[in-house]
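First the structure, in the form of structure tokens, and then the observations on it.
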Amino acid sequence: MSTSPTTPTSGADLVTRLLDLWSRPLPPDDTAALAGFGELYTDPVEVNGTSVSLADMLVRARAIQGAFSGLERVVLEQVEAPGKVVVAFRLVGTHTGPLPTALGVVPATGGAVDLRVIDVLTLTDGRISRIVMAGDELGNLVRLGAVALADAT
């Protein structure tokens, strides 16, 4: 897919647009939704060492948006360096749909979601070409009651 990059004016602008893309409803039309991803990401983009197409990024975003409602985001910290933006943030909302996880799909619980994430973004020509991401999936699954930690006593 050939897309004309829209270069963000600053790291703060990039982060705002990135979080909007993942937390606000996407256009129902895949072509329009993919255009939004093409403005921010290269195709493919490397995510934690794996090459991921924009189409696969869209599938991931739709899964997140299908699993959670009322998502609010809180930027905790942001650092910029040449060609890099690092952002630590929280996504807070309600678990209202099936959630794909490393442990399998978790059915909707109606529970509170508080995802804590750190993204290290590498930029190429103003778009995200590489992401190193760490998220507290286990803490979220414990909060939702999907897994229980063993009692240490």
Side-chain angles (χ1 to χ4, degrees), residues 1-102 106 108-109 111-144 146:
M1 177 174 155
S2 171
T3 323
S4 302
T6 303
T7 304
T9 56
S10 69
D13 181 51
L14 174 78
V15 168
T16 297
R17 292 174 58 207
L18 176 67
L19 294 177
D20 282 351
L21 188 65
W22 286 84
S23 64
R24 294 198 175 153
L26 291 163
D29 175 65
D30 282 351
T31 302
L34 279 171
F37 279 86
E39 289 179 3
L40 293 181
Y41 296 98
T42 59
D43 191 6
V45 60
E46 182 184 319
V47 180
N48 290 344
T50 301
S51 181
V52 179
S53 71
L54 290 185
D56 287 337
M57 293 290 279
L58 175 59
V59 168
R60 291 178 182 196
R62 289 204 191 282
I64 293 292
Q65 291 184 8
F68 305 132
S69 62
L71 280 179
E72 303 275 334
R73 69 277 176 105
V74 179
V75 174
L76 303 170
E77 194 74 39
Q78 182 175 319
V79 178
E80 295 179 45
K84 298 273 188 189
V85 175
V86 180
V87 60
F89 62 96
R90 292 172 52 209
L91 287 176
V92 180
T94 305
H95 178 214
T96 55
L99 173 63
T101 74
V106 177
T109 64
V113 172
D114 189 349
L115 290 169
R116 297 156 196 250
V117 179
I118 300 171
D119 282 346
V120 179
L121 310 171
T122 300
L123 306 179
T124 302
D125 297 328
R127 292 188 296 161
I128 301 163
S129 57
R130 182 172 180 248
I131 305 166
V132 175
M133 182 271 232
D136 183 18
E137 184 177 45
L138 179 58
N140 191 53
L141 292 173
V142 169
R143 268 187 298 285
L144 293 175

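In what follows, residues are counted from 1 in the order of the sequence shown. Both backbone and side-chain heavy atoms feed into the values below; hydrogens, waters and symmetry mates do not.
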Can you name the nearest heavy-atom pair linking Ala108 to Gly97, along with the distance?
-> CB-N, 3.5 Å
Which is it for Val75 and Leu19 under the side chain to side chain contact (heavy atoms under 4.5 Å, CB included) test, yes or no, and what are the steps along the way?
-> CA-CA 9 Å; Val75 174; Leu19 294 177; 3.7 Å; yes
If every non-hydrogen atom of Leu26 is compared with every non-hydrogen atom of Ala61, which pair is closest and at what distance?
-> CD1-CB, 3.8 Å
Would you call Arg62 and Asp30 a side-chain contact if the rule is heavy atoms closer than 4.5 Å?
-> yes
Salt bridge flag under 4.0 Å for residues Arg127 and Asp43 | no
So, does Gln78 use its side chain to make a donor-acceptor pair with the main chain of Val15 at under 3.5 Å?
-> no
Working to the nearest 0.5 Å, report the span between CD of Gln65 and OG of Ser23.
-> 7.5 Å
Identified side chain to side chain contact (heavy atoms under 4.5 Å, CB included) counterpart of Val92 within the set Asp114, Val113, Leu71, Leu115 | Asp114
Would you name the heavy atoms of Ala112 and Leu144 that are closest together and state the gap between them?
-> O-CD2, 3.5 Å
Do any pairs count as a ring pair (Phe, Tyr, Trp, His ring centres under 6.0 Å) and have a residue in residues 10-34, sequence neighbours left out, and if so which ones?
-> Trp22-Phe37
Value for OG1 (Thr16) from CG (Leu21), rounded to nearest 0.5 Å, stands at 12.5 Å
Looking only at non-hydrogen atoms, find the nearest pair between Gly11 and Val85 and report the distance.
-> CA-CG2, 4.1 Å
Would one find more than 12 heavy atoms of other residues, nucleotides or ligands at under 6.0 Å from atom CD1 of Ile118?
-> no
Contact summary for Ala146 and Val106, nearest pair of heavy atoms | CB-CG1, 3.7 Å
Where at least one partner belongs to residues 128-143, residue pairs that pass salt bridge (Lys or Arg N to Asp or Glu O under 4.0 Å), sequence neighbours excluded | Glu46-Arg130
Does a side-chain heavy-atom distance below 4.5 Å link Ile131 with Met57?
-> yes
Go through the steps for Ile128 and Asp119 under the test side chain to side chain contact (heavy atoms under 4.5 Å, CB included), then give the verdict.
-> CA-CA 11 Å; Ile128 301 163; Asp119 282 346; over 6 Å; no
Ala67 versus Pro98, closest heavy-atom pair with distance = CB-O, 3.3 Å
Do Lys84 and Val79 touch side chain to side chain, with heavy atoms closer than 4.5 Å?
-> no
Is there a side-chain contact between Leu99 and Asn140, using heavy atoms and a 4.5 Å cut-off?
-> yes
Do Val117 and Leu91 come close enough that some side-chain heavy atom pair is under 4.5 Å?
-> no
Could you give the distance from CG (Leu54) to CD (Glu39), rounded to the nearest 0.5 Å?
-> 11.0 Å
